[in-house]
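The model shown is predicted, which means the values in this text are computed figures rather than measured ones. Numbers restart at 1 for each chain; the letters A, B, ... are given by sequence-line order, proteins then strands.
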2 protein chains.
Amino acid sequence: MNIRDVAAAAGVSVATVSRVLSPKPGSQTVRPETRQRVLEVVDRVGYRPNDLARALLQDRTATVGLVLPDISNPYYPPLVRGVEDAASTLGYRVMLCNTDRDEEKTATYVDTLIKTRVDGIIIAGGSTTMPMLRDVFEPYRTKVVVVGRHELEYPSIQVDNVAAMGEVIGYLTGLGHRRIGFIAGPASSITVQDRVEGYRAALRAAGIGYNEDLVREGDLQEQSGYDVAGELAAQPTRPTALVAANDRMAVGAMAALTDAGLRVPADVSLVGFDDVSLASYIRPALTTVSVPTYDMGGAAMELLAREFEEGGGTPEPGARVLSTTLMVRESCAAPPR
Amino acid sequence: MNIRDVAAAAGVSVATVSRVLSPKPGSQTVRPETRQRVLEVVDRVGYRPNDLARALLQDRTATVGLVLPDISNPYYPPLVRGVEDAASTLGYRVMLCNTDRDEEKTATYVDTLIKTRVDGIIIAGGSTTMPMLRDVFEPYRTKVVVVGRHELEYPSIQVDNVAAMGEVIGYLTGLGHRRIGFIAGPASSITVQDRVEGYRAALRAAGIGYNEDLVREGDLQEQSGYDVAGELAAQPTRPTALVAANDRMAVGAMAALTDAGLRVPADVSLVGFDDVSLASYIRPALTTVSVPTYDMGGAAMELLAREFEEGGGTPEPGARVLSTTLMVRESCAAPPR
DNA sequence: TTGTAAGCGTTATCAA
DNA sequence: TTGATAACGCTTACAA
């Protein structure tokens, strides 16, 4: 069932069917009766034009690739939703790719995306440190937008993780904390490294030295937060507050603290990062930093769409920075005396 | 940059380039040196064949659509990941569509998916009650697989929610509970309705009447679990146990109970459903039913791929049922006396 | 072993 | 206002 069949059934030429189905601004020249006849046939046989043929001809697929580490990480679903909603509004389809921060998987996906000739790609997290992404898209004029800070020559949507973490530390020192432990994350994530950097810088600014013993690296999953918090809390002079690089580890940490007989926040205060949807429903409700992931996804898609319209031109690797907010809830208090 | 350019640069014909790049089992007839020459050019210029053209010709896009209500619902990410991993292994791309259980959005996405000529579609949750999905795909020989119970004539991957909920109720009555409250979900979800049905049936089987006052409907989000649990717990003779139709509402319920000064499980036992990743890290750790969503996604994709291979033939609307397991953790105890 | 050319389902150009 | 036809980039008979 193709445009020729429809044309035959309606007793017109394929050109006419095309004009009815894909009206161009300039040429509104189909007689109402003819249009009617065509539409009737289209409706009767349930014909839908083949977008592959259209894309081939117009060199435009109306599809974007969304590359991220792992959709199972609760940080990403709102971002994906933001991209998807904006894409759907703007008339684009979204192809999802989970890389697990793995170079080989990333390379394979990039290959696939280029072969399908996606109009653009949104890279969120993880892959942004991979140099392989630098030039692959160039010959195909594939537009790229990055979500998060990165080392690539593409425009991006960001959040100031250093400053946000500074606000967290400021809040804690304001409460009187001096021994503030940190549950860090993998070096492969620039986002996480910025949070670590924010922790360091703020501590220094507050006149508190950076103490290596108070920092341990997790893998961003709940269990590692549980493990690391357990170690940190078991130290001879334990920290009076714990900050985690993300909420998943913070939740794990809260469990560990509770299991160790420690009360949050009476014995140790706890702060997370991301403001995942469950954060406000655990008890004590988790104090954390809200990151506008949904908006970031939407903004990335919109930025991409704008680049499509502008057509050629250089990418302009500027960054748009959205703001975070510290969500003060119940998991922090003054340190025990 | 197309196959002709490559052919010219390598001093061969386009047919030869094609044969090198897309070797068919039958025709291994390219001289090694020629092949070498072609591959060198391909590598040098970074050429990637246009899959649109290939798809147009072969009537096969190697793409599947994944239609679900909302990726932000923590139930879905593992399912999506399961689909994606299997798809990537089998050589398929995945196009994501969030319908919000909305008829119009669903219709729009279905339209888009058909226009891109996806080889198949995986429908997970929500949309399965929509009659519009019955015949749309037929004329395009688009294969369809459903995840979850449904009313459509397609094969599916399921889980026995009625039996699983029966196990939950059995566990609670075994503990001595008689007044078991239920936080239900929207009627639009067959999955959720099966859980409600399981609750009813098991109660009846246990010789406990179904008491309308103990059942209230939520919307599957945390806040509604919080609200509904609050109402249920405020009743003159409050339930000694609460079962939620999903974990998100269970977490909200736990917060409500805690805020009302009730202890879980000493004063009221609580059971969730889904075994979301955070469930085992909240305290008390949530007793819940583990649903193999990742495997379900993978199985759906594999089933779809098998249908592609088999080619024509009738769809065979059979169901493959995977099993759930009750995860007994800390949120249940015998009822208070 | 390689090349020529038809054709996949559209849109766009030009003529009628 | 409509129609014939050449592309788009690839694969695949068929010919050489």
**OP:** Find the distance B:R117:CZ to C:dG9:P and express it as a whole number of Å.
**Re:** 9 Å

Subject >> A:D59 CG - C:dA12 P separation (whole Å) >> reply: 13 Å

Original post:
Taking atom P of D:dA7 as reference, at what distance in whole Å does atom CG of A:L57 sit?
Top reply: 12 Å

**OP:** Starting at atom NZ of B:K115, determine the distance to atom P of C:dT11, rounded to an integer number of angstrom.
**Re:** 10 Å

Original post:
Can you tell which of D:dT1, D:dG3, D:dT12 lies closest to the side chain of A:T34?
Top reply: D:dT1

Subject >> Among C:dG9, D:dG9, D:dT2, the one nearest B:N2 by side-chain distance >> reply: D:dG9

Original post:
In terms of side-chain heavy atoms of B:N50, which of C:dT10, D:dG9, D:dT2 is nearest?
Top reply: D:dG9

Subject >> Atom-to-atom span, CD1 of A:I3 to C1' of C:dT11 - whole angstrom >> reply: 8 Å

Original post:
Taking atom C1' of C:dT13 as reference, at what distance in whole Å does atom CZ of A:R19 sit?
Top reply: 10 Å

Original post:
Does A:R54 put a side-chain nitrogen or oxygen below 4.0 Å from OP1 or OP2 of C:dG9?
Top reply: no

Subject >> Atom pair CG (A:D51) and CG (B:L56), whose distance is rounded to the nearest 0.5 Å >> reply: 11.5 Å

**OP:** Using only heavy-atom distances, determine whether the side chains of A:Y294 and A:D85 contain a donor-acceptor pair under 3.5 Å.
**Re:** yes

Original post:
Rounded to whole angstrom units, what separation is found between the CG atom of A:L21 and the C1' atom of C:dT11?
Top reply: 12 Å

**OP:** With the side chain of A:V14 defined as its heavy atoms from C-beta on, choose the nearest nucleotide among D:dA13, D:dG9, D:dT5.
**Re:** D:dT5

**OP:** Report the nucleotide, chosen from C:dA12, C:dT10, D:dC8, that has the shortest atom-to-atom distance to any side-chain atom of A:Y47.
**Re:** C:dT10

Original post:
Of the nucleotides C:dT10, D:dC10, C:dT2, which one has an atom closest to the side chain of B:T16?
Top reply: C:dT2

Original post:
To the side chain of A:Q58, which of D:dC10, C:dT11, D:dA13 is closest?
Top reply: C:dT11

**OP:** Using a strict 4.0 Å threshold on nitrogen-to-oxygen distance, state whether A:D100 and B:R81 make a salt bridge.
**Re:** yes

Original post:
Is any side-chain nitrogen or oxygen of B:S18 closer than 4.0 Å to OP1 or OP2 of D:dT11?
Top reply: yes

Original post:
Thinking salt bridges, do B:K143 and B:D119 make one under a 4.0 Å N-O criterion?
Top reply: no

Original post:
Nearest of D:dC8, C:dT11, D:dG3 to any side-chain atom of A:L56?
Top reply: D:dC8

Original post:
With no hydrogens and no angle check, is any side-chain donor or acceptor of A:R48 less than 3.5 Å from a backbone partner on B:K115?
Top reply: no

Subject >> Value in whole Å for how far the P atom of C:dT2 lies from CZ of B:R37 >> reply: 8 Å

Original post:
Nearest to the side chain of B:R4, which nucleotide is it out of D:dG3, D:dC8, C:dG9?
Top reply: D:dC8

**OP:** Counting heavy atoms from C-beta on, name the nucleotide in C:dT11, C:dG3, D:dT12 closest to the side chain of B:S13.
**Re:** C:dG3

